[in-house]
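Scope of the values below: all heavy atoms of this structure, side chains included, with no hydrogens, waters or symmetry mates.
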Amino acid sequence: MLQDRCRFHLRIHGHLGVHGNISLTANIGLSALATTRNLPCCRLLPDKYWIAPREMPMAGERVNLSGARETLLMTLYGKALESRLPHSLLGDRFADEAVRKIDYDFSRLKVDTNLGIGLAIRAKTYDVRVQDFIARNPGAIVLHLGCGLDTRIFRVDPPEGVEWFDVDFPDVIALRRKLYPSRDHYHLVGSSVTDPDWLAEVPRNRPAVVVMEGLTPYLPVEEGPRLLSRLVAHLAGGELMFDAYSHFGLKMLRLNPTIRATGAEVHWAIDDPQVLERAVPKLRFVDDISAYSAERTAHMGWSAKLFIGLWRHIPALRKVGRILRYRF
């Protein structure tokens, strides 16, 4: 039977959050991708869920997180599972070890192969950009806002002289202290990123790279520009990178079963990167960063690869979720 639209229901990859955690475009139902009528109805089913057995904790660190905070466990678990693969891109042993220490039923998050690989691809993209900034700016400051349980500090392994700040809610930072080792020039800041007081701990006279992986959708609409304004006013200069979702992208995120299971809410959409230049005059938009090359997505399922191909050629889809980079 012919119908006037083709429905794609795909499990996608990536992930966001107020600590850097949500899925890059959710379990997404996209209707009317083509304008031609009378296309045969088609349905691309998601790749089979990749759910490992319940992880048995070594140290039994119990977690009691909900809402946006709980999504950080999805990010952590996806990276840990990807890091166990023989062709792992991330090789994140710290994430793998942390998962084994936490007393939590990760299977309820329904993390599948595509999501795990997508999370690793996104994380690696940020890692490489941070490493590049540090190489160009010895003695830089790295601000990782909404860090969750991400282990970027250990993956990047910055040289001596770089001051690194991981910022998240106090209970998240307390959990980090139990799971990960300390190191020189590494600062853990327990605070909401929207609280203006935490910036007093950060030096003002050095170039800085600010990473907000998966943070922006969880910010209240009015708080996003305020946070960016405080950052560029306080810091001497540098770069800012974050995931941005269009209004359509937020609608898709709200359909994600994992996000719905945690009760997390998303608020702030960014349709046009130049709008932030007007809201925060010191910001200058540089580019949106392409992360999903054919080489990096080679081990994803066919449905995710198909969607990525569509993403590259349909402008409306490219704006659903992307990584934006600014200078200030």
* Partner set under ring-ring contact (aromatic ring centres under 6.0 Å, His included) for H187, not counting sequence neighbours -> F165
* Can you see which heavy atom on V209 is nearest to which on M241, and at what distance? => CG2-CE, 3.7 Å
* V221 and V275: same hydrophobic cluster, using ILVMFWY side-chain contacts below 4.5 Å? -> no
* Using the side chain to side chain contact (heavy atoms under 4.5 Å, CB included) rule, take V280 and V232 through it: C-alpha gap first, then chi angles, then the decisive distance, then the call. => CA-CA 8 Å; V280 186; V232 301; 3.7 Å; yes
* Test log, rule side chain to side chain contact (heavy atoms under 4.5 Å, CB included), inputs D150 and K79 -> CA-CA 9 Å; D150 183 81; K79 292 172 184 175; 2.3 Å; yes
* To do: Please list, chain by chain and in numerical order, all residues satisfying side chain to side chain donor-acceptor pair (under 3.5 Å) with H234, sequence neighbours excluded.
  => R204
* Asked: Partners of D288 by salt bridge (charged side-chain N to carboxylate O under 4.0 Å, His left out), sequence neighbours excluded?
  -> R322
* S191 side chain near F169 side chain, heavy-atom distance below 4.5 Å -> no
* Does atom CZ of R284 have more than 12 heavy-atom neighbours, drawn from other residues, nucleotides or ligands, at distances under 6.0 Å? -> yes
* So, do K124 and R129 sit near enough that their side-chain heavy atoms are less than 4.5 Å apart? -> no
* Asked: With a 4.5 Å limit on heavy-atom distance, are the side chains of V286 and L324 in contact?
  -> no
* **Worked verdict on L65 versus D171 for side chain to side chain contact (heavy atoms under 4.5 Å, CB included)** => CA-CA 9 Å; L65 303 172; D171 56 343; 3.9 Å; yes
* Asked: Salt bridge check: are R254 and E265 linked by an N-O gap of less than 4.0 Å?
  -> no
* Please report the C-alpha distance between M74 and I259 in whole Å, then the side-chain angles of each, then the deciding distance to 0.1 Å, and finally whether the side chain to side chain contact (heavy atoms under 4.5 Å, CB included) criterion is met. => CA-CA 9 Å; M74 177 170 63; I259 303 306; 3.9 Å; yes
* To do: Output yes when E97 and R93 qualify as a salt bridge under the 4.0 Å nitrogen-oxygen rule, no when they do not.
  => yes
* By salt bridge (charged side-chain N to carboxylate O under 4.0 Å, His left out), which residues pair with R136, not counting sequence neighbours? -> D132, E239
* Please list, chain by chain and in numerical order, all residues satisfying side chain to side chain donor-acceptor pair (under 3.5 Å) with S88, sequence neighbours excluded. => E82
* Between W164 (side chain) and I153 (backbone), is there a donor-acceptor pair under 3.5 Å? -> no
* **Non-hydrogen atoms of L149 and V172 that approach each other most closely** => CD2-O, 4.4 Å
* Structure fact -> For D157, the salt bridge (charged side-chain N to carboxylate O under 4.0 Å, His left out) test, sequence neighbours excluded, returns R183
* Contacts of P220 that satisfy side chain to side chain contact (heavy atoms under 4.5 Å, CB included) - sequence neighbours left out -> E222, E223
* Minimum-distance pair of heavy atoms, taken over all atoms of L235 and A208 -> CD1-CB, 3.9 Å
* Asked: Taking all atoms of both residues into account, what is the closest heavy-atom pair of V193 and R230, and its distance?
  -> O-NH2, 4.1 Å
* **Minimal non-hydrogen separation, A120 against L89, with atom names** => O-CD2, 4.0 Å
* Non-hydrogen side-chain atoms of P217 and W268 separated by less than 4.5 Å -> no
* Nearest 0.5 Å, what's the OG1-CG distance between T75 and L119? -> 5.5 Å
* Asked: R84 versus V99: any side-chain heavy-atom pair under 4.5 Å?
  -> yes
* State the CZ-CG distance between F94 and L179, to the nearest 0.5 angstrom. => 12.0 Å
* Asked: Does any pair with a residue in residues 172-182 pass side chain to side chain donor-acceptor pair (under 3.5 Å), and if so which ones, sequence neighbours excluded?
  -> D166-R176, R176-Y186
* To do: Could you tell me whether the side chain of P207 reaches within less than 4.5 Å of the side chain of I141, counting heavy atoms only?
  => no
* Residue list, salt bridge (charged side-chain N to carboxylate O under 4.0 Å, His left out) with E277, at least two apart or on another chain -> none
* Structure fact -> Between D127 and R152, the two heavy atoms sitting closest are OD1-NE, 2.5 Å
* D96 side chain to L81 backbone, donor-acceptor under 3.5 Å -> no
* Say you draw a straight line from NE2 of H144 to CG of L215; how long is it, rounded to the nearest 0.5 Å? -> 9.0 Å
* Structure fact -> Residues passing the side chain to side chain donor-acceptor pair (under 3.5 Å) test with D272, sequence neighbours excluded, are none
* Residues that T151 engages under side chain to side chain donor-acceptor pair (under 3.5 Å), provided they are two or more places apart -> D92, R155
* Structure fact -> CZ (R325) and CZ (F133) are apart, to the nearest 0.5 Å, by 10.5 Å
* Any donor and acceptor pair, going by atom type alone, linking the side chain of S83 with main-chain N or O of L90 inside 3.5 Å? -> no
* State whether a side-chain donor-acceptor pair under 3.5 Å links Y104 with N64. => no
* Structure fact -> One should read off an interatomic distance between H247 NE2 and I270 CD1, to the nearest 0.5 angstrom, of 10.0 Å
* ring-ring contact (aromatic ring centres under 6.0 Å, His included) against Y326, all qualifying residues, sequence neighbours excluded -> F242, F285
* **Distance in Å, L227 CG paired with L145 CG, rounded so as to fall on 0.5 Å steps** => 6.5 Å
* Pair R100-E61, salt bridge (Lys or Arg N to Asp or Glu O under 4.0 Å): steps then yes or no -> CA-CA 9 Å; R100 298 179 192 275; E61 291 294 345; over 6 Å; no
* Asked: Can you check whether A140's main-chain N or O pairs, donor with acceptor, with N137's side chain at less than 3.5 Å?
  -> no
* Asked: For the residue pair Y77 and F106, does the interplanar ring angle fall in the parallel (under 30°), tilted (30 to 60°) or perpendicular (over 60°) class?
  -> parallel
